[in-house]
J.: 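Next up is a structure, given as structure tokens.
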Number of protein chains: 2
Amino acid sequence: MQKLFNAPLYAQIREEIFAALRSGRWSANDPLPSETKLASEFSVSQGTIRKAIDDLVAQNILYRHQGRGTFIRRHDEQQSLFRFFNLSRTDGTKPVPESLNIHCKTRKGLKHECLALQVPTGDRLIEVLRLRRLDGQPVILETILVSQQRFPELNKRDLPNTLYELYSDDYNVHITRAEEQIQATLPDATVISHLNLEPTIPLLEIRRIAFDLHDQPVELRISQCVTGSFVYTCSLN
Amino acid sequence: MQKLFNAPLYAQIREEIFAALRSGRWSANDPLPSETKLASEFSVSQGTIRKAIDDLVAQNILYRHQGRGTFIRRHDEQQSLFRFFNLSRTDGTKPVPESLNIHCKTRKGLKHECLALQVPTGDRLIEVLRLRRLDGQPVILETILVSQQRFPELNKRDLPNTLYELYSDDYNVHITRAEEQIQATLPDATVISHLNLEPTIPLLEIRRIAFDLHDQPVELRISQCVTGSFVYTCSLN
DNA sequence: TCATATAATTCATATATAAGACTTAGATGA
DNA sequence: TCATCTAAGTCTTATATATGAATTATATGA
């Protein structure tokens, strides 16, 4: 393989592999071709393939298992419950969140919602409202918004606790990263009734936008959280 | 270099380099010995040294500059203001935080404070109270707590905007990472007066513990933030 | 059924070469 | 004489490849 432009070889290969990944060339269940196979396909050495894959592993898009192969990172039940869930007990341990769906309907998106999802203003969205319990206590009221066009019939399905697994399995939409914005708010009437709160209790409002393999915003999720026994945790490096 | 136990060579080298780093063997201003020099010192190949350093770079403990060398990551004015600062404008851009010191005194630590800092209960702490402005508005009231024993005379100094730089330059304490816990609260009298608030405005309370090279907790910092024009942001991968 | 061999994978290490960045000697000119 | 530019040399990290080891799953046979 010749070196083009000024980008190092491994970076070019990384982009080619990533592009192949996005195009759905390999199933999310089977391993990728082995490093040696990819090496001969791209006509570079195994070490170069390895370095390319290193980057994708660092981005959490792939993971490796010595002796078995390299796989696409999926949101499966076990890890998905924790990977994108930053609420923990005050001692740092993480509770297992449970979900209770309250409703699931379609409606026209508001301006700021459509902007966040990068769909035309006024497009129809699917709204899921659900209550989440931690250690048995109702702690979070969660509003989930996705494009109806992108997730047809989602509102007619049985929604599992881990939605990202459903997106991946049934819609071929793979969530790779998310951005969260956090504010302090006071609860509105809906939150007060579902979480059974005093109106003066301050809440954490988490606004999350989740992105897919193409780095397109796919889901807007607004969570209202009571933070008595639980705290939002974040590591800085 | 012989391989001991089952740990790969590069991992052993990484730990040795890290230990040397902690012991203060190299100045924080000069580059480390070159990869080839380290290679001959440890009797391994340059590639193995490189892989060891890769890990330390990934941990943000070192950084590299092609052609110049490998350096210890310091908290200098430019980056330090942003690196450990997660508040941004709602559009995602980051304001430059300013600081106004309100007081700096010593007192006996409370139980939870000493626990967080891993010092004996009742040890004397230095408390810095300061107001931080973003875009000219008073937004954060910050209480900073460190061990007096660890930072002698800190209360008699002129405190800069970026404390971590001071810790590093004057006390040889290098902050490498931090953990933040976030809750929603209502302001107490002190906060109300300094931030000029209505008592019913909910606040973000950020409790940060900062760790040094030895992974010892060094500083406890509790920030009370108004989140009207600003939000706490966090990326999930 | 269990141990063992075998074939597949990724992982670890060493070597060689490329590319970037400072240093310094020397030329140039005012 | 002094300041300034230039280019070569030598330092640095970055990239690419080759070889063998470690790990895992599977097939094989007693």
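The sequence lines fix the lettering, A, B, ..., with proteins before strands; numbering per chain opens at 1.
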J.: Extract from the structure each pairing of a protein N or O with an N or O of nucleotides 6-10 of chain C at less than 3.5 Å, listing the distance.
T.:
| residue | atom | partner | partner atom | Å |
| --- | --- | --- | --- | --- |
| C:dT9 | OP1 | A:Ser34 | OG | 3.4 |
| C:dT9 | OP1 | A:Lys37 | NZ | 2.8 |
| C:dT9 | O2 | A:Gly67 | N | 3.4 |
| C:dT10 | OP1 | A:Thr70 | OG1 | 3.3 |
| C:dT10 | OP2 | A:Glu35 | N | 2.8 |

J.: Grab the CG-C1' distance between B:Leu9 and D:dA21 for me, whole Å please.
T.: 13 Å
J.: Just by distance, no angles: are the side chains of B:Thr233 and B:Asn86 close enough, under 3.5 Å, to form a donor-acceptor pair?
T.: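 On atom types as modelled, these side chains do not qualify, holding no pair under 3.5 Å.
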J.: Looking only at side chains, do A:Thr70 and A:Arg64 share a donor and an acceptor under 3.5 Å apart?
T.: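 On atom types as modelled, these side chains do not qualify, holding no pair under 3.5 Å.
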J.: Taking a pair as Watson-Crick or G-U wobble with both distances under 3.5 Å, which nucleotide is matched to D:dA30?
T.: C:dT1
J.: Using whole Å, what does the distance between atom C1' of nucleotide C:dT15 and atom OH of B:Tyr10 come to?
T.: 19 Å
J.: Consider only side-chain N and O atoms of B:Asn237 and A:Arg177, and report whether a donor and an acceptor are under 3.5 Å apart.
T.: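 No.
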J.: With a cut-off of less than 4.0 Å, is there a side-chain N or O of B:Lys51 near OP1 or OP2 of C:dT13?
T.: no
J.: On the nucleotide C:dT13, are OP1 or OP2 found under 4.0 Å from the side-chain N or O atoms that B:Thr48 carries?
T.: no
J.: May I have the distance from B:Asp54 (atom CG) to C:dT13 (atom C1'), rounded to whole angstrom?
T.: 14 Å
J.: Which residues pass the side chain to side chain contact (heavy atoms under 4.5 Å, CB included) test with A:Leu159, sequence neighbours left out?
T.: A:Asn101, A:Cys104, A:Val128, A:Leu154, A:Arg157, A:Leu163, A:Leu166
J.: Between B:Phe151 and B:Tyr167, what is the ring plane arrangement, given parallel below 30°, perpendicular above 60°, and tilted in between?
T.: tilted
J.: If the condition is side chain to side chain donor-acceptor pair (under 3.5 Å), which residues does A:Asp123 pass it with, not counting sequence neighbours?
T.: none
